[in-house]
Amino acid sequence: MKIITYEIRTGSENMRIDSELLDFAISKKLREPVFRLYGWKPACISLGRNQNDDFLDYDFLKSANIDVVRRLTGGRALLHNDEITYSFICPVSYLSQGENVIESYKEISQFLVNKFKKLGIELSFGGENAVCTKFDYCMLISTRADLCYNGKKLIGSAQCRKEGYILQHGSILYDYDKKLLEKIFHEDICTNSITSIKEINPYIGRADIIRILTEC
């Protein structure tokens, strides 16, 4: 596996790099995965590929210095602020069940499950079925593509596929600002639905997560 070390970039730069890495993997016919960790500065909302943005107050976001970008992948919006984002790129053939979308999510996400276990955090997969809901905030929806701690969503992931390759990326919630999220998404952020690394174990720092995820 090729590992790209953690770096902090703007939202547009992060999405461009993921897109370029996917195209590079395709052009070079890479057989091994590429794994990247990154942060965002300034804070940024990423919209799913086909998501409507009519719920966003762009004047408020500008005043709060929050960018907006659109992802290659589907799903609902995320606020990338106090979190760590990962991306994992591989050929469909690298996975034992790569053609099956749900099973490919599980197979890729098992990498995260194994890593977080080293930090004493036991993760499990989310709900059995996709949920139809009014929620615009991705973390309020738990599907089989997500990873949870004690039933609360910690990591939300999404995929796109191109020319026999998969790009899966996701948000690892380190902490969250409930009031800010409610201002952005105009929704009640139920703390029974989501959790963060800081809530699970405040002694685990971002550096610990980055180290565990990038060590061989």
Side-chain angles (χ1 to χ4, degrees), residues 6-9 11 14-15 18 35-48 51 64 66-69 71 73-88 105-106 108-127 131 133 135-159 168-185 187-214:
Y6 179 81
E7 58 184 357
I8 298 175
R9 300 257 188 174
N14 278 326
M15 296 300 91
D18 273 356
F35 182 73
R36 175 179 175 239
L37 284 181
Y38 52 95
W40 309 62
K41 189 174 182 179
C44 184
I45 292 171
S46 71
L47 296 163
Q51 186 179 16
I66 298 174
D67 286 347
V68 179
V69 295
R71 302 191 302 269
T73 56
R76 310 294 177 99
L78 284 163
L79 173 62
H80 303 280
N81 186 17
D82 210 350
E83 49 99 86
I84 298 168
T85 304
Y86 79 90
S87 63
F88 186 101
Y105 269 114
K106 289 184 175 182
I108 292 171
S109 296
Q110 189 62 45
F111 170 79
L112 300 172
V113 173
N114 295 341
K115 290 290 188 176
F116 274 91
K117 190 176 292 186
K118 295 181 179 181
L119 291 171
I121 297 176
E122 297 280 346
L123 299 179
S124 59
F125 291 97
V131 179
T133 172
F135 295 138
D136 290 305
Y137 180 42
C138 174
M139 296 301 286
L140 295 180
I141 306 166
S142 179
T143 73
R144 288 179 289 175
D146 303 314
L147 289 173
C148 301
Y149 177 81
N150 287 345
K152 296 184 179 183
K153 186 168 174 178
L154 176 68
I155 304 175
S157 300
Q159 277 188 11
Q168 178 171 311
H169 57 193
S171 173
I172 302 165
L173 204 57
Y174 183 78
D175 197 8
Y176 60 92
D177 183 330
K178 184 177 186 292
K179 290 183 179 179
L180 178 59
L181 289 171
E182 289 177 341
K183 283 183 180 179
I184 292 171
F185 294 102
E187 298 167 344
D188 179 36
I189 304 302
C190 178
T191 54
N192 291 328
S193 301
I194 63 175
T195 191
S196 67
I197 298 295
K198 194 171 181 180
E199 287 178 337
I200 296 169
N201 186 342
Y203 297 104
I204 297 176
R206 291 175 189 79
D208 298 315
I209 298 168
I210 293 165
R211 174 180 54 81
I212 285 292
L213 292 178
T214 55

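Owing to the predicted nature of the structure, the values given are computational and were not obtained by experimental measurement.
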Seminar exercise, completed: The reported gap from CD in Glu83 to OG1 in Thr85 (rounded to nearest 0.5 angstrom) is 3.5 Å

For this session: Please report the shortest heavy-atom distance between Trp40 and Val69, naming the atom on each side.
Result: CZ3-CG2, 4.1 Å

For this session: Taking the side chain as every heavy atom from C-beta outward, state whether Ile172 and Leu213 have any atom pair closer than 4.5 Å.
Result: yes

Problem set entry | Heavy-atom closest pair, residues Ser109 and Gln168 | OG-NE2, 3.2 Å

Problem set entry | Aromatic ring proximity, centroids under 6.0 angstrom, Phe125 and Tyr105 | no

For this session: Check the pair His169, Met15 against side-chain contact (heavy atoms from CB on, under 4.5 Å), reporting the backbone distance first and the verdict last.
Result: CA-CA 10 Å; His169 57 193; Met15 296 300 91; 4.3 Å; yes

For this session: Using the six-membered ring wherever Trp is involved, compare the ring planes of Tyr86 and Phe35 and label them parallel, tilted or perpendicular (cut-offs 30° and 60°).
Result: parallel

For this session: Kindly say whether Gln51 contributes a backbone atom to a donor-acceptor pair with the side chain of Arg76 at under 3.5 angstrom?
Result: no

Exercise. Where the side chain of Asn201 meets the backbone of Tyr203, is there a donor-acceptor pair that is under 3.5 Å apart?
Worked result: yes

Exercise. Tell me, do Tyr149 and Leu147 make a side-chain contact under 4.5 Å, heavy atoms counted?
Worked result: no

For this session: List the steps and the verdict of side-chain contact (heavy atoms from CB on, under 4.5 Å) for Thr195 and Lys153.
Result: CA-CA 6 Å; Thr195 191; Lys153 186 168 174 178; over 6 Å; no

Exercise. Which is it for His80 and Ser46 under the side-chain hydrogen bond (donor to acceptor under 3.5 Å, both in side chains) test, yes or no, and what are the steps along the way?
Worked result: CA-CA 7 Å; His80 303 280; Ser46 71; 2.6 Å; yes

Seminar exercise, completed: Here the pair of heavy atoms bringing Leu78 nearest to Ser171 is CD1-CB, 3.8 Å

Exercise. Going through the distances and angles, do Phe116 and Ile209 end up as a side-chain contact (heavy atoms from CB on, under 4.5 Å)?
Worked result: CA-CA 8 Å; Phe116 274 91; Ile209 298 168; 4.1 Å; yes

Problem set entry | Closest approach of Asp67 to Pro42 (non-hydrogen atoms, all atoms of both residues) | OD2-CG, 3.4 Å

For this session: Determine, stepwise, if the pair Arg71 / Asn14 fulfils side-chain hydrogen bond (donor to acceptor under 3.5 Å, both in side chains).
Result: CA-CA 10 Å; Arg71 302 191 302 269; Asn14 278 326; over 6 Å; no

Exercise. Does Arg206 reach the side chain of Lys198, with side-chain heavy atoms less than 4.5 Å apart?
Worked result: no

Problem set entry | Worked check of side-chain contact (heavy atoms from CB on, under 4.5 Å) between Leu154 and Ile194 | CA-CA 6 Å; Leu154 176 68; Ile194 63 175; over 6 Å; no

Exercise. More than 12 foreign heavy atoms under 6.0 Å from NZ of Lys178: is that the case here?
Worked result: yes

Exercise. Should Lys152 and Glu199 count as an ion pair when the cut-off is N to O under 4.0 Å?
Worked result: no

For this session: Work out which heavy atom in Gly74 is nearest to a heavy atom in Ala158; give both atom names and the distance.
Result: O-CB, 3.6 Å

Problem set entry | Side-chain heavy atoms of Leu173 within contact of Ile155, under 4.5 Å | no

Exercise. Name the one of Asp177, Asp175, Ile197 that satisfies side chain to side chain contact (heavy atoms under 4.5 Å, CB included) with Asp82?
Worked result: Asp175

Exercise. Got a second to check how far Ser157's OG is from Asp146's CG, nearest 0.5 Å?
Worked result: 6.5 Å

For this session: Would you please test Tyr176 and Asn81 for side-chain hydrogen bond (donor to acceptor under 3.5 Å, both in side chains) and show each step?
Result: CA-CA 8 Å; Tyr176 60 92; Asn81 186 17; over 6 Å; no

Seminar exercise, completed: To the nearest 0.5 Å, atom CZ of Phe88 lies from atom CZ of Phe111 at 7.0 Å

For this session: Decide yes or no on side-chain hydrogen bond (donor to acceptor under 3.5 Å, both in side chains) for Thr73 and Gln159, but give the supporting numbers first.
Result: CA-CA 5 Å; Thr73 56; Gln159 277 188 11; over 6 Å; no

Exercise. Would you say Leu112 and Lys115 make side-chain contact, with heavy atoms under 4.5 Å?
Worked result: no

Exercise. Does any non-hydrogen side-chain atom of Leu37 lie less than 4.5 Å from one of Thr214?
Worked result: yes

For this session: Quick one: pull up CG in Asn114 and CD1 in Ile212 and give me the separation to the nearest 0.5 Å.
Result: 11.5 Å

Seminar exercise, completed: Shortest non-hydrogen pair, Ile45 vs Ala77, comes out as CG2-CB, 4.1 Å

